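Whatever order the structure lists ligands and atoms in, that order sets their numbers, starting from 1. Not measured: the values here are computed from a predicted model.
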Amino acid sequence: MQADVLRKKFLEFFKSKKHKVIRSDTLAPKDDPTVLFTPAGMNQFKKEFLSVITDSTTRAATSQRCLRTDDLDKVGKTCGHHTFFEMLGNFSFGDYFKKEAILWAWEFLTEDLKIKKEKLWVSVYKDDVESYQIWKDLIKVSADKIIKLGDKENFWPSEAKEKGPNGPCGACSEIFYDWGKDTGCGKPDCSPACNCGRFVEVWNLVFTQFNRKEGGSLEPLPKKNIDTGMGLERLAAVMQGVHSNFETDLFLPIIKEIASRIERRVSSANLGQVYAIADHLRAVSFAIYDGVMPSNEGRGYVIRKIIRKSAMHLKSLGIKPPFLYKLVPVLAAIMKEPYPELNARKENIAEIILAEEKGFIATLNSSAALFKDKFTGLSDKDNPQDIGGIVFQLFDTFGIPLELTEEWLKAQGFKNLPAVAGVVSKKLEEQKLRSKSQSAMKGDVFDIKDLDLGVKETKFCGYHDCDSKVKILKMIKGAKEAKRIAVNDTAEIILDKTSFYPESGGQVGDSGELIKGKNVFTVLDTKKSGKVIIHIGRVKAGSFKKNDLLFAKVDTARRLAIARNHTSTHLLQAALRKVLGAHVQQQGSLVAQDRLRFDFTHFKDIDKTQLERIEEIVNCYVMDNLALKVKEMPLAQAKKEGALAFFAEKYAHKVRVVSVADVSQELCGGTHLTFTGQIGLFKIIQEGSVASGVRRIEAITGTAAYKAIKAEENKLIQELEKRLTRIKELEKQLHSSKLSSVEATLDGLIKDSEEINGIRLVTHIAPGLDMNTLRRMVDLIKEKVNNSNAIIAVGTGNSVDNALLVFGATQDLCAKGIDVVKLIKEIAPEIGGSGGGRKDFAQAGGNQPQNLEAAIKKLKTLLSQIKI
Ligand SMILES: [Zn+2]
Ligand SMILES: [Zn+2]
């Protein structure tokens, strides 16, 4: 029986027992600080288990995708250890208990799956008489096939009575499949308690009935729950008659694909590595599918580590170029039925894995240089502590596998390697402990912080009304319920309904005021705990008490600014998909009143033209003033219609779809504009990379965008004015320094003057001077030569005026009839221009500075022909 069929049969069976079939939760739960990845089916029902949420659902069934990394090193070496797996489970929240849970489990296995009764054994908790009797008297399992086990095996969480964690717990009962006498140790007393491999645990039924308190006391839960878990992979192995989960149809196509690329044949020596790669492929693909990107911290680091582990396995199998990513389509095909979205995103997921593989392979290739660098000056004689520290750092920070470093050290002649290995393994142990204390359940199974509100749900009526008449249900001051709060008190208020939007889906919470006559409570922020909305703020005037009737007034100007940014993120996503491609997937967002931030998957840099185009497209949507529409519909229909969903978000059965004409359609619970024109203006202020394959755009809209542009314009003008003033100053300085340098040359010029026809001619042509300098030169030379029948002719070529000529004549020469205006008018055409002036002083401008020398030559000719 195929895994697809098993999964379906299971859910259909429990549907027929009046269970609500619920979609698998994400692998990366957002609001659960107690786990890194979803470890089991019950994780998404914590609140139901503690009766925090009590909606109509009391029976649920799921096929939950799970990820655990505790046994990462065992994966591939055994038949049944996995990082990623699917867990079939049925749940009762204060509804049925042991009897039904046992009956139905038996019915499903023996009637629907037709497993022979004699192949099944069961275990019960040693003190659980009730379960024992159900198995023996009601189901009629023979007593020799019912074994009693202790706190370690048949209590959940294991040994919780003694060691904790606090929270819900209870006895459990397991169902085992017997592979037959000849498969195990052969001992006559072999039973499910024996680890020889003859028995496999198929199904674990947990009867959650206690709440463990600090100190170890077990108090009965108000409502008893059922939480069962059956690994799909193991069930598939049993049903397909294979001992190893890796030989089921969930893995075989992947295994075959890997095997086809190995040059050496698959053998018992390398089969474990092939299995491990197949397992890791599933873990990283589904984690990325759920929005986890490889990175250096938290979930991202786990995924990075698993990809690196796969790359090392591939390397030792002789597959050197990136390969893991090529397996994604194979996995997508296997999972097409339960996860069609995985198939739709396979290219994108493959790209993310490829980028990571490439990076790691590059690190490996550069490892030799890194080794040289890090171990410089160290030798075998040095402290193993120091060497081990570096080995660990290379592993932890640079991702260089320990074996590789060890090989290199060996080749360099290091002999004291066992001591080094000891240091490294101690460091690894410490790190493991650290990450355990960071990520694992912290004392309590659940985060109980938000459990005792005593209010089930706050009705949100803020999509249309921003003002509403409301009643105070509860007030909390300093983590305790308060009967009355007075001026300046900081408090949290829970109302029967509210128009205040609580922070969620990346959108910040509303602020505003709660008003009762002259009594005013300033709401600074609004948050959500489960389905309860909490108004956080301070009493501004007067006082409040429980059951007060109030007027809730949202700060509408701020709400509108937030809506501008929220609607803009939808338009931005549409524009990104248009410009960059449909692989763009939302990875996160922030919608505040002053800006928006949007993280998305994309692998290359975004160039300036693309970014400008994206901004332009969004602004076109704004100018088109498109209408927004909001519709509620079943999730399945929304997906069918192609609405974009944010995978890290958990969606209810009925979803809200926000659409903007035919431009954008997204599942979204946020508050939006009515028309895109209200955005006014959309301006991108920043773009960059936040992780491998994830980019971030920050933008502003409306008033903020207008103000930013205005401020930029003012800044530009100020800057320009400053520079113009500076240019004038510099010109002045330049002029005076040129003049003084010219002055120093005047005597030399006079000395070099020649006499033509009884006229003394002083000339000077130099580049880069200006008209003022030339005029001043002429005046100064006139003074210096002191009426000695002189003509002064100076000229320059510069970038502003092209060519300039200034002529001057001394008074005695003028008295003899010399007229420099006549001269310059005749000569100016030489430099492509014209001139004018007085008898004793004339100037000309032209556009051919290269002909200035020729002009002076012409002057000399004219002077030689003149009669005085
Ligand atoms: Zn045995
Ligand atoms: Zn949205």
Side-chain angles (χ1 to χ4, degrees), residues 30 78-80 119 121 123 144-145 147 149 153 174 176-201 243 291 460 462-463 501-510 528 559-577 584-593 595-600 618 621 626 628-633 635 638-639 641-652 655-661 663-674 676 678-679 682 697 699 701:
K30 239 184 6 172
T78 68
C79 298
K119 299 293 273 178
W121 290 51
S123 70
D144 59 331
K145 285 190 171 173
I147 59 162
L149 294 173
E153 299 84 6
E174 294 168 306
F176 297 85
Y177 181 81
D178 180 3
W179 282 108
K181 273 182 189 147
D182 47 342
T183 57
C185 59
K187 287 178 193 151
D189 63 342
C190 182
S191 80
C194 179
N195 279 326
C196 63
R198 176 178 156 189
F199 295 93
V200 286
E201 179 207 323
H243 279 266
F460 176 66
Y463 285 129
Y501 183 85
E503 177 190 327
S504 56
Q507 183 179 329
V508 297
D510 273 335
K528 207 157 88 175
R559 161 76 78 85
L560 185 62
I562 295 168
R564 280 194 183 98
N565 285 332
H566 200 148
T567 301
S568 293
T569 57
H570 288 215
L571 299 181
L572 174 60
Q573 172 152 235
L576 285 168
R577 291 167 72 90
V584 166
Q585 291 276 344
Q586 180 177 353
Q587 291 296 315
S589 71
L590 170 76
V591 177
Q593 80 267 28
R595 77 205 153 99
L596 67 92
R597 191 175 74 204
F598 190 75
D599 295 351
F600 56 97
V618 174
Y621 295 150
L626 307 167
L628 278 95
K629 283 207 179 74
V630 177
K631 258 203 295 193
E632 287 211 342
M633 61 178 83
L635 183 61
K639 291 204 162 170
E641 288 185 12
L644 296 180
F646 175 31
F647 284 92
E649 198 78 51
K650 190 184 162 192
Y651 293 104
V655 292
R656 192 168 175 264
V657 176
V658 177
S659 50
V660 188
V663 163
S664 146
Q665 203 178 12
E666 281 190 42
L667 302 193
C668 177
T671 57
H672 283 271
L673 303 170
T674 329
T676 57
Q678 291 168 284
I679 291 169
F682 172 87
I697 283 183
T701 62

Margin query: Could you tell me if Gln507 and Thr671 have a donor-acceptor pair between their side chains, going purely by distance under 3.5 Å?
Written below: yes
Notebook entry, point to check: Which protein N, O or S atoms sit under 2.8 Å from the Zn ion (ligand 1)?
Noted result: Cys185 SG, Cys190 SG, Cys194 SG, Cys196 SG
Margin query: Within 2.8 Å of the Zn ion (ligand 2), is there any N, O or S atom belonging to Cys668?
Written below: yes
Check: For Arg577 and Val584, which heavy atoms make the closest approach, and how far apart are they?
Finding: NH1-O, 2.9 Å
Next item on the list: Kindly say whether Gly506 contributes a backbone atom to a donor-acceptor pair with the side chain of Ser589 at under 3.5 angstrom?
Entry: no
Checklist line | Sidechain-backbone polar pair: Arg198 side chain, Trp179 backbone, donor-acceptor under 3.5 Å | finding: no
Next item on the list: Count the heavy atoms of every other residue, nucleotide or ligand shown that sit under 6.0 Å from NZ of Lys187, and state whether that count exceeds 12.
Entry: no
Next item on the list: Step through the shown structure and confirm whether more than 12 heavy atoms of other residues, nucleotides or ligands are within 6.0 Å of NZ on Lys528.
Entry: no
